[in-house]
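Some notes on the structure that comes next.
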Amino acid sequence: MTRHDNCTYENRFKTLAVGAAENATHPDKGGTSDVIPPLHLSTTFEWASADGGNEYAYSREGNPTRAALEEQLARLEGGKHGLAFASGMAAISTTMLSLVPPGGHLVSSDSIYSGTETLLTELVAGYLGVDVEFVDAREPENVAAAVDSETDLIWAETPTNPLIRLCDIRSIADVANDHGVPFGVDSTFASPYFQAPLELGADIAVHSTTKYLNGHSDSTGGAVVTDDDEIFEKLAFSQRTGLGNMLSPFDCYLVARGIKTLPARMEHHEENAMAVARLLEAHDRVARVHYPGLESHPQHDLAVEQMSGYSGMLSFEFDGSLTEIEAFIEGLRIFTPGASLGGVESLVEVPSLMIPDEISHGSATADVPENLVRMSVGIEDVDDLCEDLQSALP
Ligand code: PLP
């Protein structure tokens, strides 16, 4: 049984994903009975009286299209409060900067998206003087050994980019609870459809909505969901007033639109990724496949326990030279070489060859092999994807 089966009619995930229109159709909110949340581009709203008095006054502080998306994001993650940011990095940096004071202490998993790693080393540690401790969070004991009651935030990404490693959210949440430390999880690779960090005990779930939530590679954004009122107040202040890094109404509209098909897309991504992972695993020029759905993944049991599906992201180690990897990439017709992930189209990336330093998916804290190829498996016909790989592999 997955968590999606274990829900009531009103909150089964697929129904939640489609039924985003409460804000728009509620008789007290607009009264136009739109079935989808309308796109409010106005930056300012006419005052109901000379001293204000209306729900929305200025779009940075509050916008009805953003409010509808934030409500939708909170519902999907099973949380109380949602916040929509201008990018995944805006969501992550705002969380860190709002919860960790200069000179504070932050414990992070060592295998994380390189942008997050750069944020932690350059800005959080380098500029704010925070003591940032990277640990191999595949073992929760390593997190426990680093955390104490002075720790301001525990940070983990699972599954990780690009090595597809997992962290045990429930065990790390127990460590966080023992010390009264907030615990944030970047759940971008799983999407809310396949993983529920808050249900597993985390305090904060974070996503780059640029990826699966929007799902169409045409909007950059980020999301934070939390049940904790105090965390929400701090982050909302930063988003709306202090930093002003909220998501634009048009992007909110796109993400809300993408979310309606999230379950259908995720099931298709996973089905295709499983077929691609099995094909790669059986190929004699592939040394190792990193996909949590494979029994050979060292944390497959944890994946079964904490995820309700394995998503569409995988990476593999090519048994050959960089020149051969280049020829493989050039031979692909359906997989497009490019950064990013989580869109309907299949993408391929070789961190050591393709990514400029500033967005490098190599990592200083976790060894990313030179021969690693990362794939975001899309929702095309699975036979076409498999044939594409078979004809491009040597
Ligand atoms: N988190 C993960 C796991 C990512 O892979 C990325 C980007 O690739 C981000 C966060 C950052 O998101 P964005 O590019 O929307 O700022």
Side-chain angles (χ1 to χ4, degrees), residues 69 73 77 83-97 108-124 134 137 155-167 169 184-195 197 202 204-225 239 243 245-248 251-252 254-255 258-259 269 290 292 307 310-315 337-343 345 347-351 354-363 365-366 368 372 374-377:
L69 173 65
L73 289 164
E77 279 291 4
L83 289 164
F85 289 90
S87 67
M89 287 314 300
I92 295 168
S93 57
T94 303
T95 304
M96 292 175 177
L97 300 180
S108 170
S109 57
D110 63 359
S111 170
I112 48 175
Y113 168 56
S114 61
T116 310
E117 187 186 294
T118 307
L119 163 72
L120 282 169
T121 51
E122 302 286 320
L123 191 65
V124 178
F134 289 105
W155 188 259
E157 186 177 303
T158 184
T160 67
N161 185 358
L163 293 169
I164 325 288
R165 293 177 178 169
L166 309 187
C167 302
I169 298 175
V185 175
D186 183 340
S187 192
T188 297
F189 269 35
S191 91
Y193 188 61
F194 284 139
Q195 185 167 270
I204 305 157
V206 175
H207 292 274
S208 164
T209 61
T210 316
K211 319 302 185 195
Y212 287 115
L213 278 161
N214 176 60
H216 294 75
S217 306
D218 56 6
S219 159
T220 300
V224 172
V225 177
Q239 179 216 39
L243 301 173
N245 55 3
M246 68 293 160
L247 191 63
S248 78
D251 285 287
C252 291
L254 286 175
V255 176
I259 285 174
H269 280 295
H290 306 274
M307 302 176 76
Y310 310 111
S311 204
M313 292 304 299
L314 60 86
S315 56
S340 203
L341 60 109
E345 67 289 327
L347 296 175
V348 62
E349 175 191 298
V350 182
M354 291 163 44
I355 307 299
D357 279 351
E358 65 272 21
I359 55 164
S360 168
H361 290 176
S363 165
T365 55
V368 177
L372 191 84
R374 192 192 77 177
M375 301 193 125
S376 173
V377 181

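When a ligand or atom number is given, it counts from 1 through the structure's own listing order.
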Open item on the list: Can a donor-acceptor pair be found, under 3.5 Å and without considering hydrogens, that links the side chain of Glu157 to the backbone of Ser109?
Closed with: no
Open item on the list: So, 4.0 Å and heavy atoms of Lys211: is ligand 1 close enough to count as a contact?
Closed with: yes
Task: Interatomic spacing from CG in Leu314 to NE2 in His290 - rounded to 0.5 Å - done: 10.0 Å
Open item on the list: Side chain or backbone, does Leu341 bring an N or O within less than 3.5 Å of an N or O on ligand 1?
Closed with: no
Open item on the list: Under 3.5 Å between any N/O of Thr210 and any N/O of ligand 1: does that happen in this structure?
Closed with: yes
Open item on the list: Taking side chain to side chain contact (heavy atoms under 4.5 Å, CB included) as the criterion, tell me which of Leu341, Leu166, Thr158 meets it with Phe189.
Closed with: Leu341
Task: Proximal atoms of ligand 1 relative to Gly221 (non-hydrogen, under 4.0 Å) - done: 15 (O)
Open item on the list: Working to the nearest 0.5 angstrom, can you tell me the gap between Asp186 CG and Ile204 CD1?
Closed with: 12.0 Å
Task: contact_flag Ser340 ligand 1 heavy-atom lt 4.0 Å - done: no
Open item on the list: Between Pro159 and Met313, is there a side-chain heavy-atom distance shorter than 4.5 Å?
Closed with: no
Open item on the list: If I take atom CG from residue Leu73 and atom CD1 from residue Ile259, how far apart are they, to the nearest 0.5 angstrom?
Closed with: 4.5 Å
Task: Nitrogen or oxygen atoms of Phe189 and ligand 1 under 3.5 Å apart - done: no
TODO: Drop me the distance from Phe85's CZ to Ser208's OG, to the nearest 0.5 angstrom.
DONE: 13.0 Å
Open item on the list: Would Ile92 count as a contact residue for ligand 1, given that I'm defining contact as a non-hydrogen atom of the residue lying under 4.0 Å from a ligand atom?
Closed with: yes
Task: Under 3.5 Å: N/O of Thr220 near N/O of ligand 1 - done: no
Open item on the list: Within the 4.0 Å heavy-atom shell around Ser87, which atoms of ligand 1 are there?
Closed with: 15 (O), 16 (O)
